[in-house]
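Each ligand, and each atom within it, is numbered from 1 in the order the structure gives. The first residue of the sequence shown is numbered 1, and numbering continues consecutively from there.
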Amino acid sequence: MRKKPITGHTDVFGLVGHPVRHSLSPAMYNTLFAQFDIDAVYLAFDVDPAEAERVSDMIRVMGLVGVNLTVPFKERILGGLDGLTAASRESGAVNVVTQIEGSLMGYNTDGEGFVRSLEEENGPNPKGIHAVILGAGGAARAVASGLLDRGASRITFLNRTRARAVQAAEALQASFMAADFDVRSLAAKDFFDAASSAQLVVNCTSGPASDVVSSFDVRALDHAASWVDINYWMSTPPAQAACKEAGIRFHDGLGMLAHQGALAFELFTGHPVTGGEIRRFLDRSS
Ligand code: ATR
């Protein structure tokens, strides 16, 4: 628990999204601030999506020191920031903003968080692998960027909207020129064709796509392949049971959640924190 009183000097951080009321972030960051005796508070701001253009100015005007962004602002904040990391450009999305002397810097910690969790859970080493990514939104692009940064050689995007997957592949190709990309439909046949040469499948589609994803035949994968579902809130992710039956290793999204949060906390405060410390908090809260 917080020992210091909140004063005029207390730094204000927050989560900007819609919806945000269910979020564990305020409890998590405030616990960490207390643990490290940092004079800061973290709040949740439920912002009307119609106000997206004004979010960056709100951060500046209110003097927020750092902000996490969630749906639907991760993409829509890009134009209002003063600087972007390579990972956020490649992802086309920002999940962390820090403010220093009125200047806003955008980061994306999802991709690095993803590869750190894969490493921690003894998943496949990204170097030289073919990864099949289901989805082509901000999260899919961030995961692809993290894998490519660690040497993945081929990425196949399977997405409902082809144009979005093409855009993702083109944006990433500009940074990772030696890698191969292909784009397919989010359909059982396309999954079957792509899966046989893949060492890793990552489901980055959101909940409503579960029916399609559960129709995929995971037996098309090699036995040594792994499947990750980044939808950490799902009690029964679509391919989990089929992977178990087929002997394919399955990872839930909690590791990625913990590691991207640890990276964000360090960007906010300069205090290194391990994914394990965040994970312990999440385990206690669930
Ligand atoms: P995030 O920030 O989590 O990546 P997003 O950008 O909204 O969220 O991306 C959601 C992903 O889930 C997209 O790949 C989306 O496909 P489209 O690009 O075609 O929209 C996918 N998705 C969401 N609902 C879907 C559905 N009912 N069927 C198939 N794919 C779906």
Under 3.5 Å, side-chain donor or acceptor atoms of residues 132-140 against the rest of the protein: list the pairs with distances, not counting sequence neighbours.
none

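Under the side chain to side chain contact (heavy atoms under 4.5 Å, CB included) rule, Asp110 has a single partner from His259, Lys74, Arg141, which is Lys74.
Protein residues with a heavy atom under 4.0 Å from ligand 1 are Glu75, Gly135, Ala136, Gly137, Gly138, Ala139, Asn159, Arg160, Thr161, Arg164, Leu186, Thr205, Ser206, Pro208, Ala209.
Judged by distance alone, the side chains of Glu277 and Thr274 do bring a donor and an acceptor atom under 3.5 Å apart. Side-chain atoms of Thr109 and Asn95 include a donor-acceptor pair closer than 3.5 Å. Of the N and O atoms on the side chains of Thr161 and Asn159, not one donor lies less than 3.5 Å from an acceptor on the other residue.
Between Ile38 and His271, the closest heavy-atom pair is CD1-CD2, 3.4 Å.
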